[in-house]
Structure formats: structure tokens, C-alpha cells
Amino acid sequence: MIATHRPAGRSRRAQPRLDQARSVGDPSADVLVSKLTRTESTARIDAALAALSSGDARAVERLPEALRRFLDSEGLPAGADRARLLSAQRFAQRHAVAISIGLFCAALPAAFTGAKGVAVLNNTGRMRHDLDRRVNETGRFVFDVLRPGSFETGRAVLSTQCVRLVHAAVRVRVLRDHSAGKGEPEIPINQEDLLGTLTCFSVVVLDAVRKLGIAVSPSEAEDYLYLWTTVGAMLGIQPKLLPRDVSHAERLRDTIFERQGGSSRAGRELTSILVDGIERHLPARGASVLAPSLIRLFLGDASASLLGLREALRPSDLAWLLPTATNWLERVGRSLFGAALPSVGRAALDGVMALKLGIAEPSFYRPLEAARCPHQGLPPHRR
Ligand code: HEM
């Protein structure tokens with residue numbers, strides 16, 4: 001996946017390790033989910049996880065023992081630096097506008113440049129038929145982990161664990177379909193693809209935020225990356241692969257892009273659906289050039305072309321305009337809501353998500369549903 005700057009031949013030492021990472025999924029989660037799908041009612045497990053995610057702590061008693069043990073042992077890593085996590089969340093709270101723009105116009109399209117990984121995304125029925133909902137749910141997840149204090153309340157941990165189970169369920173389903181006679185697939189959602197996507201959510205977003213005119217100090221950037229590597233560990237990325245610091249993460253981003261970046265029909269399709277979705281939610285007429293222009297500014301011409309984006313506003317015009325607009329939006333937010341911004345922001349976000357998703361609950365709260373065959377279509381509550 002990913003973006004802009006990529007000096008050729010960088011990080012050659014990382015190559016064998018990344019080659020190997022393509023053949024590894026998330027063994028402990030995959031074994032667990034595979035067993036659960038064979039021996040238990042996944043609908044019952046999903047119902048208990050959804051209740052747990054909505055705050056019913058006693059629902060944990062309705063989970064199979066093996067899943068309970070998994071959730072207990074695979075939570076926040078021992079020794080995680082909670083002060084740094086909170087500092088990253090406060091940074092995200094101060095710059096919520098810029099980070100949201102970075103998420104939708106840099107991180108997601110950057111992930112779509114990973115030609116092989118994106119085919120897996122496109123493989124799920126939901127991705128093709130319901131990208132708008134999926135993108136909003138990804139936003140919901142990101143806000144769950146960036147909301148100040150969410151590691152303390154457990155919300156960030158549970159949401160991340162649910163996403164880890166979604167990924168395991170997708171792997172189980174794709175591999176099961178292949179073993180039914182469609183040849184040897186590459187491991188879907190493998191360690192290299194996970195790592196590449198993690199750099200999209202972290203350093204690709206930080207780059208975009210800077211391009212929007214926000215001054216990000218080195219310690220803010222390191223803490224933000226630290227939050228995402230902590231999430232990465234909880235998502236099942238092997239600790240030895242995780243970047244140590246921002247410059248390591250940037251090198252990994254460039255190396256993985258060199259290895260995996262490419263044009264693909266799935267990448268172009270998903271980008272086009274994403275751009276349409278963003279434009280539909282923009283208030284102003286004539287804003288239709290904005291999303292492709294922002295993506296081009298953030299990811300550069302080469303990635304924009306891979307994604308099939310049309311030429312729009314010149315990056316040099318945007319580079320002048322955006323810092324002013326972003327600062328203005330952030331100042332208006334702070335002066336309107338002041339210290340109440342976090343809670344008002346959260347309430348507003350919940351409202352918008354509920355309105356746009358049409359359901360109170362994101363579907364990753366019911367992760368094992370993703371193990372169902374995509375041809376069976378969406379369950380009624382998601383249609
Ligand atoms: C740091 C890495 C990643 C994060 C934080 C992440 C996040 C998420 C989230 C929040 C969801 C649930 C919401 C939704 O359905 O969109 C999800 C689902 C999913 N993710 Fe990821 N993801 C990561 C990496 C990947 C990679 C590398 C792939 C594939 C190459 C992938 C494929 C999928 C698929 C297929 C689903 C299920 C979509 C469906 O319900 O049909 N993810 N991921």
C-alpha cells in the first residue's frame with residue numbers, strides 16, 4: 001500500500017522478513033475462530049459480543065470459555081505506556097478535523113494502492129455493495145481508539161479485539177472457499193498487509209495532517225505512532241515486525257509500497273466509490289473536485305494515477321488554501337464548544353454515525369458474521 005516518497009532500494013534488509021510475513025495470518029485468532037465456526041453457534045457468540053460492546057458486562061458469561069480466555073490474554077499489552085496513549089488521544093482530540101480528513105482522504109486511499117491486499121477487501125460482498133457503511137464503520141473504530149480515556153474504559157481494547165476477530169473470520173472464510181477447489185490462495189490479511197495498513201493509519205495520516213498546516217512536534221508524532229503500534233499489537237501483528245519509531249514506520253511504509261503498490265481494478269473501483277461517498281457528504285456544490293485533489297496532494301501523483309483519479313485542483317493551490325481553512329475550522333470548533341468539545345464531539349459523532357449507518361451498532365461488534373459466505377448476502381439488520 002501507500003504513498004508518496006519512495007527512494008528505490010530502501011530497507012533491503014526488511015525484504016526477507018516481509019516475504020515471510022506474507023505467509024502468516026494471525027495464527028492464534030485464526031485457530032480459535034476456525035474452531036468456533038465449526039463447533040459453536042456464531043450468531044449466539046456475536047449476540048454476546050454485541051451486548052458486551054454495548055456495555056452489558058455480564059454478557060461475557062455467555063461467551064465460550066476459549067474466546068473468554070483469548071480476550072483476557074490478548075488485551076492491552078503488559079507494560080503499555082498509558083500516559084503516552086492518552087497524550088496521543090489528546091493530540092487527536094485537538095486536531096480531530098485534520099485527522100478525519102487524513103483518514104478518509106489519505107489513509108483509506110493509500111490502503112487501496114496495495115494491489116494484492118485490496119483484492120481481499122473487494123472479495124467481501126459488503127465491500128462491493130456497502131462501501132459507504134464500511135467506511136463509516138472504519139471511522140467509528142478509529143474514533144473508538146482515539147477517544148481520550150478509551151484504553152482505560154476498555155472501549156478501545158474491545159473494539160480492536162472485535163476487528164481482529166473480523167479479520168480472522170474473513171481469513172477462515174476465504175481459505176475455506178479456496179480449499180473447496182479454487183487453488184492455493186495467498187494468506188489473506190497477512191502480516192505484511194496488516195503492517196502496511198497500520199502505516200496508513202499512523203504515518204500517512206500524520207503526513208496529511210502536516211500538509212493541512214498543523215504543526216506536529218516530534219514527540220506528538222512519536223506518541224501518535226505509539227498508539228497505533230499498540231493497536232497493531234492487539235490486532236495480532238507480530239511485535240518483531242512493528243516499527244520502533246516514526247522514521248522506521250516511514251521506511252516500512254515506503255518499502256511495502258515499493259513491494260505491493262500497484263494499479264488494480266479493485267483499487268480503482270474502491271477509490272471511485274470512496275470519492276463519490278465523500279462528495280455526497282460535502283455541503284457545497286462544486287466541491288466535487290475537492291476529494292480527488294486532496295488525495296492527490298496527500299499521496300502524490302504516482303499513487304493518484306494508480307488509483308485512477310482525475311486531475312483536479314492543482315496541489316500548489318491547495319497547499320496554500322488548506323492550512324488556513326483547517327486552522328479556521330479547528331478554531332471555530334474550539335470557540336463554539338471550548339472544554340466541552342470532547343463530549344459534544346462524541347455525542348455528535350454517535351448521532352451522525354447512527355444516522356448514516358442506520359443502526360446504533362457497528363457491525364464489527366458482531367465479528368463472526370464475516371465468516372459467512374459473501375454470496376449469502378447481508379443479514380437483515382445490515383441491509
Ligand atoms: C492496521 C490494519 C487494519 C485496521 C486498523 C483495520 C480495520 C478494520 C475495521 C475497523 C474493520 C471493521 C469495519 C469494516 O467492516 O470496515 C475491518 C474489517 C475488515 N478488514 Fe480491516 N483493518 C486493517 C487491515 C486490513 C487488511 C490489511 C485487510 C486486507 C488486506 C483488511 C480487510 C478487512 C476485511 C475484508 C474486513 C471485513 C469487511 C466486511 O465486513 O466485509 N483489513 N478492518
Side-chain angles (χ1 to χ4, degrees), residues 1-2 21-22 24-26 29 33 46 53 103-104 107-108 110-146 156 158-175 185-205 225 227-237 241-243 249 252-253 256 260 264 266-267 270 274 353 357 359 361-379 382:
M1 8 225 99
I2 328 153
R22 291 207 75 70
V24 182
D26 178 3
V33 169
D46 275 345
S53 300
L103 174 66
F104 294 116
L108 293 180
F112 296 161
T113 64
K116 288 185 192 156
V118 84
V120 178
L121 282 178
N122 210 27
N123 167 291
T124 79
R126 212 151 78 74
M127 206 55 197
R128 254 175 282 126
H129 301 303
D130 207 8
L131 186 90
D132 197 35
R133 178 183 293 256
R134 188 180 190 279
V135 164
N136 283 313
E137 290 193 1
T138 301
R140 173 69 175 257
F141 165 72
V142 171
F143 286 105
D144 277 355
V145 301
L146 292 183
L158 188 57
S159 288
T160 307
Q161 290 180 316
C162 280
V163 170
R164 182 174 181 179
L165 293 172
V166 171
H167 288 158
V170 170
R171 272 188 221 100
V172 165
R173 198 201 66 223
V174 172
L175 294 172
E186 193 170 41
I187 298 294
I189 319 186
N190 58 55
Q191 292 279 318
E192 183 184 28
D193 287 345
L194 283 168
L195 198 54
T197 309
L198 193 76
T199 68
C200 296
F201 282 98
S202 54
V203 285
V204 169
V205 167
L225 175 73
L227 180 145
W228 279 105
T229 54
T230 305
V231 169
M234 289 193 293
L235 271 180
I237 302 180
L241 293 174
L242 288 167
L252 267 175
R253 170 198 63 190
I256 296 175
Q260 303 301 334
S264 67
L270 293 178
L274 176 68
M353 289 293 173
L357 298 178
I359 48 166
E361 158 197 295
S363 63
F364 59 84
Y365 286 1
R366 294 175 190 263
L368 300 189
E369 217 166 54
R372 284 178 40 168
C373 169
H375 310 299
Q376 285 174 276
L378 292 167
R382 287 214 218 153

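Computed from a predicted model, the values in this text were never measured in an experiment. Heavy atoms only: backbone and side chains are in, while hydrogens, waters and symmetry mates are out. Counting starts at 1 for both ligands and their atoms, in listed order.
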Would you indicate which of Ile189, Val166, Leu195 comes nearest to atom 28 (C) of ligand 1 when only heavy atoms are counted? Ile189

Could you list the atoms of ligand 1 found under 4.0 angstrom from a heavy atom of Val163? 7 (C), 8 (C), 9 (C), 10 (C), 43 (N)

At under 4.0 Å between heavy atoms, is it the side chain or the backbone of Asp193 that contacts ligand 1, or both, or neither? both

Please could you name the atoms of ligand 1 that Phe364 approaches to less than 4.0 Å, counting only its heavy atoms? 12 (C), 13 (C)

Atoms of ligand 1 less than 4.0 Å from Gly117 heavy atoms? 29 (C), 30 (C)

Measuring only between side-chain heavy atoms, which start at C-beta, is Leu103 closer than 4.5 Å to Phe201? yes

Give the single entry among Arg171, Met234, His167 that approaches atom 23 (C) of ligand 1 most closely by any heavy atom. His167

Residues two or more places apart in sequence or in another chain: which of them pass side chain to side chain donor-acceptor pair (under 3.5 Å) with Ser159? Asp144

Geometric N/O contact Thr138 with ligand 1, under 3.5 angstrom: yes

Ser264: which residues meet the side-chain contact (heavy atoms from CB on, under 4.5 Å) condition with it, sequence neighbours left out? Ala115, Val118, Ala266

Using a strict 4.0 Å cut-off to heavy atoms of Phe141, name the atoms of ligand 1 that fall inside it. 5 (C), 10 (C)

Nearest atoms (heavy-atom pairs only) where Asp46 meets Glu369: OD2-N, 2.9 Å

Taking C-beta and beyond as the side chain, do Pro243 and Leu195 meet within less than 4.5 Å on heavy atoms? yes

Mind checking whether Leu198 contacts ligand 1 via backbone (N, CA, C, O), side chain (CB onward), both or neither, at a 4.0 Å heavy-atom cut-off? both

If you define the side chain from C-beta out and look only at heavy atoms, does anything of Thr160 sit under 4.5 Å from Val145? yes

In plain terms, say whether Asp193 and Lys116 are close enough for a salt bridge, that is, a side-chain N and a carboxylate O under 4.0 Å apart. no

Contact region, Leu235 to ligand 1, non-hydrogen atoms below 4.0 Å, reads side chain

Between Ser363 and ligand 1, is there a nitrogen or oxygen pair with a distance under 3.5 Å? no

Between Leu198 and Trp228, the two heavy atoms sitting closest are CD1-O, 3.2 Å

